[in-house]
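The chains referred to below are lettered A, B, ... by the order of the sequence lines, with proteins before strands, and numbering in each begins at 1.
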Amino acid sequence: MEILTDNALMLQVKSGDLDKLSLLFKRYGRSLYGFYFRFTKNAELSEDLVQDVFERVLRYRHTFRGDGKFVTWLYHLARNVLADHIKKTKRAGIRTDIDEKQEVLADLTVPGEAKQKEEYLLLMESALDRLSHDKKELLLLSKLQGMKYKDIAELHNCTEANVKVRVFRAINDLREVFLKLQAKGINV
Amino acid sequence: MNSERHEELILDYLTGSLDEAQRREFESMVESGVIPAAELEATQAAYNSFHTLPEPEPGPGLDAKFNRLLAAEKRKARPAGPTFSWGDLWQQLNIFLSPAKFAYTLVIFFAGFLVAWFAFSPKQQQQQDPDVKMLATELSQMKKVLFTTLIEQPLAVDRLRAVNISQEMTEADSRVIDALFNSLNNDPNVNVRLAAVEALKIHTAKPEVRAGLIRSIGQQDSPMVQIALADLMQALQEKEAVPQLKQLLQDEGTNELVKDKIKESINVLI
């Protein structure tokens with residue numbers, strides 16, 4: 001059985017074989033969900049945002065030329081969906097409650113090894129949440145399967161070298177925030 | 001600019017994408033201290049941790065929503081009208097059947113059509129419908145009687161049966177819902193209480209059911225029921241449950257595993 005590339009599949013969707021979109025959904029749906037969940041912390045909202053992305057894939061399928069990577073095109077749409085959502089929630093005045101999250105953190109009790117590992121990861125997640133939107137997005141994009149630094153550079157309209165430097169700095173910022181949170185935890 | 005170069009190299013090193021020349025450049029920077037070993041180690045640790053963060057798992061809603069989207073788009077794309085499919089059928093018949101076979105097929109088709117027409121003519125269908133309706137009503141009433149009888153029985157297995165039967169009931173009878181809450185909050189058997197949570201899931205569209213479930217959180221002693229309720233609140237995205245969940249979290253007597261689950265649920269709900 002022939003394994004079709006993303007671009008080949010999308011071109012087939014473009015020419016009317018809509019079922020092929022299911023394969024693209026299987027390849028990228030979950031990671032898109034994970035991407036959104038890290039921003040929204042809301043399962044249902046993340047599902048809706050993923051659906052919005054694929055709605056746009058269908059709506060704009062005639063614009064897909066197949067000369068760039070499908071995943072870059074997909075995440076270009078995904079970033080727009082996220083930006084639109086943020087604009088909408090800002091207008092509606094919905095806060096993102098970082099403060100309440102901090103409260104839950106303070107309840108972390110002390111542990112066995114497995115629990116320590118879990119707490120470490122929880123702390124890392126909290127640190128990630130405290131980064132600026134841009135840094136967080138950059139790190140999450142760099143984590144995606146199939147996304148290379150030059151693809152991120154294309155998305156951001158900058159050089160690959162620039163992306164690498166920014167990712168490096170974001171990782172170090174993440175580390176600093178993590179250490180601060182860890183210190184706070186011990187004092188409590 | 002120099003520091004940017006070493007930052008770039010460190011990142012390439014971490015992602016394993018240094019070529020030969022770059023690898024030599026990188027190694028000499030580390031040896032000479034231009035790239036401090038401590039900094040390299042710290043960045044590597046953070047990079048590895050970040051990359052081992054688990055991926056958030058989607059629920060069944062993700063696939064379901066996509067499938068609905070695709071189905072809707074396909075309906076839009078498909079030309080409407082029975083004339084299309086008849087034309088298609090005609091074309092296929094012309095292609096695949098010789099004139100003789102085609103005539104034969106038509107005869108069989110119409111014979112079958114006539115048989116079906118007489119067997120299921122409107123007059124006869126009307127006669128069958130009330131029978132079916134009456135049977136359905138009787139069955140539903142029987143289930144209610146069975147439920148009310150079994151839910152009061154001394155044996156847990158009977159009460160469990162009652163709760164399971166309630167899931168088959170098509171109408172959301174308020175008496176049945178009250179009885180289910182009674183089981184959830186008061187039944188001495190934990191399996192019956194767990195089954196009651198399952199049975200009440202069906203009715204969570206009603207605000208009073210959700211409110212009752214939230215109240216129930218504070219009334220439960222059993223860790224399994226506590227976890228089942230926390231899970232349900234998380235799945236329902238029921239933010240109103242957060243205060244009750246927090247109280248349970250702060251309670252000294254609450255089991256560690258339950259506390260973990262509650263923390264997770266609160267994180268999702270907030």
Non-hydrogen atoms of chain B under 4.5 Å away: do they reach the side chain of Leu121(A), the backbone, both or neither? both
Separation between CG (Leu14(B)) and OG (Ser142(A)), nearest 0.5 Å, reads 11.0 Å
All heavy atoms of Ser49(B) vs all of Met124(A), minimum pair found to be CB-CE, 3.2 Å
Nearest 0.5 Å, please: how far is CD in Glu4(B) from CZ in Phe168(A)? 11.0 Å
Sorted by chain and number, sequence neighbours left out, ring pair (Phe, Tyr, Trp, His ring centres under 6.0 Å) with His133(A) holds for Phe39(A)
Residue Phe54(A) versus chain B: region with a heavy atom under 4.5 Å: both
Would you say Lys239(B) has more than 12 foreign heavy atoms packed within less than 6.0 Å of its NZ? yes
For chain A, which residues of residues 41-48 of chain B have at least one non-hydrogen atom nearer than 4.5 Å to it? Ala42(B), Thr43(B), Ala46(B), Tyr47(B)
Between Asp19(A) and Lys74(B), is any pair of side-chain heavy atoms under 4.5 Å apart? yes
Taking Arg5(B)'s backbone N and O only, do any of them form a donor-acceptor pair with Lys164(A)'s side chain (distance below 3.5 Å, no angle check)? no
So, taking the atom named NZ in Lys263(B) and the one named CG in Leu122(A), what distance separates them when rounded to the nearest 0.5 Å? 8.0 Å
Lys69(A) atom NZ: more than 12 heavy-atom contacts under 6.0 Å: yes
For Thr15(B), is it the side chain, the backbone, both, or neither that has a heavy atom closer than 4.5 Å to a heavy atom of chain A? side chain
Are more than 12 heavy atoms, taken from residues, nucleotides or ligands other than His51(B), located less than 6.0 Å from that residue's NE2 atom? yes
Contact part of Tyr149(A) toward chain B, heavy-atom cut-off under 4.5 Å: side chain, backbone, both or neither? side chain
With a 4.5 Å heavy-atom cut-off, do Leu11(B) and Ile171(A) have their side chains touching? yes
Among Thr40(A), Asn162(A), Val50(A), Leu139(A), single out the residue with the greatest number of heavy-atom pairs under 4.5 Å to chain B. Leu139(A)
Within 6.0 Å of CD in Glu240(B), more than 12 heavy atoms from elsewhere: no
Phe70(A) atom CZ: more than 12 heavy-atom contacts under 6.0 Å: yes
Interchain contact, Asp63(B) with chain A, by part (heavy-atom threshold 4.5 Å): both
Report the option among Leu18(A), Asn42(A), Asn172(A) that has the most heavy-atom pairs separated by less than 4.5 Å from atoms of chain B. Leu18(A)
Can you say whether Gln234(B) sits under 4.5 Å from chain A via the side chain, the backbone, both, or neither, judging by heavy atoms? neither
Residue Asp48(A) versus chain B: region with a heavy atom under 4.5 Å: both
Beyond-backbone contact of Leu21(A) with Phe66(B), side-chain heavy atoms, under 4.5 angstrom: yes
Does Lys143(A) come within less than 4.0 Å of Glu55(B), counting only side-chain N to carboxylate O? yes
State, to 0.1 Å, how close Lys65(B) and Gln51(A) come at their nearest heavy-atom pair, and which atoms those are. O-NE2, 3.3 Å
Report yes if the side chains of Pro56(B) and Arg38(A) come closer than 4.5 Å at any heavy-atom pair, otherwise no. yes
What are the two closest heavy atoms between Ser22(A) and Leu70(B), and how far apart are they? OG-CD2, 3.3 Å
Counting only heavy atoms closer than 4.5 Å, note whether Leu62(B) contacts chain A via side chain, backbone, both or neither. both
So, do Leu128(A) and Leu53(B) sit near enough that their side-chain heavy atoms are less than 4.5 Å apart? yes
Would Glu73(B) and Arg61(A) pass as an ion pair if we require N to O under 4.0 Å? yes
Nearest non-hydrogen partners of Glu8(B) and Ala161(A), listed with the distance: OE1-CB, 3.5 Å
